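Source: prediction; values computed, not measured. A, B, ... follow the sequence lines: proteins, then strands. Residue 1 opens every chain.
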Amino acid sequence: MKHVFYLDGQEIPFVPGQNVLEATIAAGQDRQIPYFCFHPALGSLGACRQCAVKMYSHDSKHPPRITMACLLPASDDLQLVTLENDVHTEHREIIELLMTNHPLDCPVCDEGGQCHLQDMTVQTGHSVRHYGGPKRTYRNQNLGPLVYQEMNRCITCYRCVRFYQDAALGEDFGVFGSRNRVSFGRLEDGPLESPFSGNLVEVCPTGVFTDKVFRHDYVRVWDLQQGPSVCPHCAVGCNTTPGARLGTLRRIRNRQHPEINGHFLCDRGRYAFPYVTAHSRPLQPRLKGETSRQEAVLRQLASRLEEGRSGFLGSPREDLQSNLGLFALADCLHAPFAAVTSSWAEALAQQCLALPQAPSLQEVAAADRIVVIGDLDSIAPMAGFAVRQALGRGARLTVLASSRTGLARKGDYRPLRPSALRDQVAQLADDPCLQGGRVPVLLATAETLGPSGLYALRKTLEKLPANARAGAFVNRPNLFGAAYFAADGHTERLQQALRQREINHLLCLGADPLGEDWGAGAWRTLSSGLEGFALLDMVDSATARAAEALLPVAAFPERAGLFVNYEGRIQAFAPVYQREAQVLHSAVHGSGFPDAAGGMKHPLGPPSPLFWLGRLAELLHVHEAWQKRLDFYLHFLCPAAPDPDSPGVLLPDTIRARFEIATLPLPPTVGPEQWELDIFRWYGGETLADTAEDLQSLAPLRGLRVHPDVQAASATLQGPCGQLHLPVIPCEDMVQGVIAIDQEGFAELGLYPGDPVEVTWEQEP
Amino acid sequence: MRMWRNFVDLGAGLWTTLRQLGRISTVSYPEAPLNLPPRWRGRPTLTRDPDGDERCVACQLCSAVCPTRCIELQAGERADTRRYPLTFRINFSRCIYCGLCEEACPTLAIQLLDEFAFSKQHHADFIYEKDALLIDGTGKHPHYNFYRHSGVALGDKNKGEGINEKPPVNVRSNLP
Ligand code: SF4
Ligand code: SF4
Ligand code: SF4
Ligand code: SF4
Ligand code: FES
């Protein structure tokens with residue numbers, strides 16, 4: 001049955017349980033009810049008294065009365081009115097009260113043009129302040145490099161605290177003071193600690209909290225080019241709206257996806273975008289380290305490929321089409337191809353894909369028994385956010401990890417060595433922590449759990465009730481897309497070919513086999529057999545610096561593509577802007593006719609990987625076959641490619657089924673006396689994000705984290721591919737016998753999380 | 001009667017013409033300068049506040065309101081956090097002197113002064129950059145300084161030191 005109520009005589013549909021304001025906003029009729037404290041994700045509070053409506057009772061016994069729409073449950077045939085004078089007077093007077101102390105700041109306020117307060121003030125028609133007395137002022141706080149505070153502009157709607165404390169379960173932000181002196185911030189100046197702090201910018205309806213990174217390169221929203229995109233920084237695949245102007249990317253905002261990120265983004269997703277403008281980003285083709293003409297590089301590369309002794313290496317960091325394009329080219333040339341850099345990562349990818357359909361983040365938030373394995377916040381922060389939402393609804397959380405992570409503090413924490421994780425996961429089916437719930441959900445960070453742990457997770461899931469779900473996360477946007485090629489030991493074959501000198505050249509796409517990718521240690525040894533390799537990438541990496549031919553590619557907001565997220569959801573992103581030369585001074589750039597003058601643009605941006613691969617296929621005279629294969633694979637994987645604006649399509653189960661045969665990978669054996677390795681990450685760390693300066697100023701120190709019972713200043717770790725000397729960072733939260741290092745460290749040693757390691761402790765740093 | 005009226009009208013017209021005999025009413029513009037009224041709308045310029053700092057805060061209202069979209073600017077941030085236009089350009093081959101930018105400008109920075117007719121060899125020369133737009137005076141408004149009225153702290157002006165402001169509140173106080 002369709003439920004409706006009437007607002008000014010117009011039918012507004014609603015779902016039982018919604019309040020009047022919520023339904024009105026959902027119906028797109030919110031121009032008639034101004035509001036502040038209500039937020040679709042944070043609910044009603046009734047604090048601002050702005051959303052008045054007049055309610056007529058069904059009978060004629062009660063007189064009509066004015067009430068708050070956000071606190072009025074929608075019910076059938078309710079008669080509501082806003083177009084009467086007393087309602088309008090209420091709207092105007094409330095906003096005048098809220099504006100009594102408001103500063104004259106709009107011209108220098110970054111919220112201007114996207115300000116909810118501006119919109120509502122104009123909408124209600126309040127234009128002249130009757131109060132002429134002096135205005136209240138506040139001192140601002142320095143809240144770190146990401147969020148800027150200008151406290152004078154506050155209208156005390158409490159959205160910020162409700163987000164920070166109630167939704168994100170952050171502890172270092174709150175409300176201070178009393179009566180009309182309340183202030184919102186930290187106890188002391190200092191960076192906000194929550195991985196979701198950037199959402200304050202969007203949640204606050206005024207200019208109290210604005211984007212500090214955007215502030216440095218500011219432009220009004222009406223001049224921004226915006227479009228639908230997908231966050232490339234982890235497997236969650238949150239939907240984003242990048243904004244650009246004059247060919248440079250300025251900011252990232254949330255784009256609502258009800259099943260994934262809702263109204264929010266993590267700070268990595270919001271603040272990692274400066275990788276696009278980083279000075280180190282390669283923009284010109286390079287040949288042997290020298291900038292070169294694109295044709296020259298292409299020809300050189302084509303002649304290499306013609307020799308027929310090339311291997312191809314894709315990447316889970318690149319989008320689906322680019323990987324398929326590379327695969328198709330390898331196929332045309334009958335060359336070996338791999339999508340990931342090590343057999344371990346390949347097994348990991350297979351095991352991830354073999355898991356049954358993962359829950360969407362919306363489903364995670366609705367779960368009532370949750371088990372988190374590893375440090376979820378540092379890999380896929382928004383998944384951690386969904387867990388927090390579930391906690392807010394009373395879910396029971398158990399965290400299995402080798403250190404007391406942020407989430408572990410919010411639930412039951414079981415300190416475990418990585419090698420014990422696997423056994424613990426295998427026994428979860430009978431564990432009390434999952435008993436008694438209706439919707440159990442298990443969330444794992446794939447790398448910590450490892451291929452054998454993921455296998456155990458799949459087996460556990462089979463023993464749990466049918467509605468139990470599990471998801472595995474990595475900090476790559478497209479591991480699931482790249483995993484298709486991971487089925488048959490491709491990486492091993494590629495490395496074998498290299499070892500046996502069948503190939504002596506490598507074409508890599510978005511991979512960093514000589515830097516920090518998994519298995520980099522082995523690649524470094526193997527690279528001596530290479531007579532040169534080529535790379536298509538958008539960041540500067542160890543591999544890019546060593547590459548013989550480097551072809552720069554467009555960053556994700558600069559091109560179209562598809563990512564497959566952790567659920568197997570294929571999502572499309574659209575090109576949002578074209579990188580172009582910014583004409584800073586027309587007199588200097590003689591011909592520069594600025595954009596406003598209807599002038600020329602100067603496209604500067606590197607093309608997409610598909611363009612390069614297509615050109616290579618042309619030069620090798622296989623273009624037709626290449627195109628045919630590419631279309632075929634693409635059609636096979638996603639028969640109906642989604643639009644950038646659609647919620648995406650899930651991979652068909654038939655494709656997943658191919659991976660279910662994946663067998664138990666051999667787990668590493670660790671003695672009880674041995675030191676074990678675990679991976680240390682932080683929420684802002686990821687290959688692309690690592691070049692974003694403002695975000696990285698918050699990065700924790702590099703080092704080796706151990707429990708403080710070890711008395712040493714530094715340590716040397718010994719692995720099959722090399723050794724690593726790092727300072728020791730004593731860390732209360734670590735489990736004894738476990739050493740946590742970053743991915744670069746693993747790459748250097750040639751080891752994987754959960755492996756035993758030999759350590760020499762040293763007293764000198 | 002009617003005929004008599006016609007003669008009077010004719011005579012009046014002739015008298016008007018004869019009255020002008022001996023007077024010179026042709027202005028030999030451009031040799032002779034024009035005496036323009038004070039509210040004349042010529043080309044826009046950027047003015048400075050009474051303290052000599054540039055007034056523009058790069059709020060982009062002028063470029064948003066401009067009907068011919070001939071204003072383009074990019075905001076920059078000074079070390080003291082003051083927003084200013086890093087680049088500011090107006091394409092005078094499109095500007096129609098409508099004055100909407102002046103009306104929109106909240107800081108009274110952009111003002112239409114009296115220059116209105118100028119010619120160039122090339123279109124590109126009509127694009128005036130900030131150095132050509134920024135003048136050294138306050139223009140028509142000698143006293144206004146936006147930052148004295150706005151709530152933000154800047155340079156030597158701290159919170160609560162602006163016009164009509166109370167000193168900053170003590171947020172640690174719980175007194176009623
Ligand atoms: S918060 Fe909104 S109304 Fe207030 S100064 Fe900023 S833009 Fe203007
Ligand atoms: S700081 Fe913003 S979100 Fe918080 S109470 Fe003030 S206006 Fe509302
Ligand atoms: S959770 Fe992952 S996908 Fe979502 S915004 Fe953060 S980094 Fe991006
Ligand atoms: S409206 Fe005034 S202050 Fe704003 S950008 Fe234009 S000239 Fe500058
Ligand atoms: S939105 Fe209803 S009282 Fe604030």
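Here the CH2-CG distance, from A:Trp222 to B:Leu61, works out to 4.5 Å after rounding to the nearest 0.5 Å. Residue A:Leu187 holds its CG atom at 5.5 Å from CZ of B:Arg172, rounded to the nearest 0.5 Å. Expressed to the nearest 0.5 Å, how far CD1 of B:Ile163 lies from NZ of A:Lys135 amounts to 10.5 Å.
No donor-acceptor pair under 3.5 Å is formed between the side chain of A:Arg139 and the backbone N or O of B:Val171.
Closest approach of B:Ser173 and A:Ser178 over heavy atoms only: O-OG, 3.6 Å. The two residues A:Pro107 and B:Cys59 come nearest to each other via the heavy atoms O-CB, 3.3 Å. The nearest pair of heavy atoms linking A:Leu104 to B:Tyr144 is CD2-OH, 4.4 Å. Taking all atoms of both residues into account, the shortest heavy-atom contact from A:Gly133 to B:Asn164 is O-ND2, 3.3 Å. Between B:Glu72 and A:Arg245, the closest heavy-atom pair is CG-NH2, 3.6 Å.
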Q | Evaluation steps, side-chain contact (heavy atoms from CB on, under 4.5 Å), between A:Asp217 and B:Gln74 | A | CA-CA 8 Å; A:Asp217 201 10; B:Gln74 170 59 51; 3.6 Å; yes

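Within a 6.0 Å sphere centred on OH of B:Tyr29, other residues, nucleotides and ligands contribute more than 12 heavy atoms. Residue B:Asn35 places its CG atom among 12 or fewer non-hydrogen atoms of other residues, nucleotides or ligands, all under 6.0 Å distant. Residue-environment remark: CD (B:Glu115) exceeds the threshold of 12 foreign heavy atoms within 6.0 Å. By the neighbour-count criterion of 12 heavy atoms within 6.0 Å, atom CD of B:Glu103 is sparsely surrounded, having that number or fewer from other residues, nucleotides or ligands. No more than 12 heavy atoms of other residues, nucleotides or ligands sit less than 6.0 Å from atom CZ of B:Arg39. No more than 12 heavy atoms of other residues, nucleotides or ligands shown are found within 6.0 angstrom of CD on B:Gln121.
Taking 4.5 Å as the limit, every side-chain heavy atom of A:Ser183 sits out of range of all side-chain heavy atoms of B:Val169.
Highest contact tally toward chain B, considering only A:Pro103, A:Gly132, A:Pro134, A:Cys106, is held by A:Pro134 [criterion: heavy-atom pairs under 4.5 Å]. Per-residue counts of heavy-atom pairs under 4.5 Å with chain A were compared for B:Ala75, B:Pro176, B:Gly162; the largest is that of B:Pro176. Chain A forms the most heavy-atom pairs under 4.5 Å with one residue out of B:Val152, B:Asn158, B:Val57, and that residue is B:Val152.
In this structure, chain A has heavy atoms under 4.5 Å from both the backbone and the side chain of B:Gln60. The contact between B:Asn170 and chain A is made entirely by backbone atoms, counting heavy-atom distances below 4.5 Å. Contact annotation for B:Phe126: neither backbone nor side-chain heavy atoms come within less than 4.5 Å of a heavy atom of chain A. Neither the backbone nor the side chain of B:Ile90 has a heavy atom closer than 4.5 Å to any heavy atom of chain A.
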For residues 144-155 of chain A, which side-chain N or O atoms pair as donor and acceptor with protein atoms under 3.5 Å away, sequence neighbours left out?
from, atom 1, to, atom 2, distance (Å)
A:Gln149, OE1, A:Gln141, N, 2.6
A:Gln149, NE2, A:Phe184, O, 2.7
A:Glu150, OE1, A:Asn140, ND2, 3.0
A:Glu150, OE2, B:Lys159, NZ, 2.7
A:Asn152, OD1, A:Tyr138, N, 2.7
A:Asn152, ND2, B:Gly151, O, 3.1
A:Arg153, NE, A:Asp105, OD2, 3.0
A:Arg153, NH1, A:Gly207, O, 3.0
A:Arg153, NH2, A:Asp105, OD2, 3.2

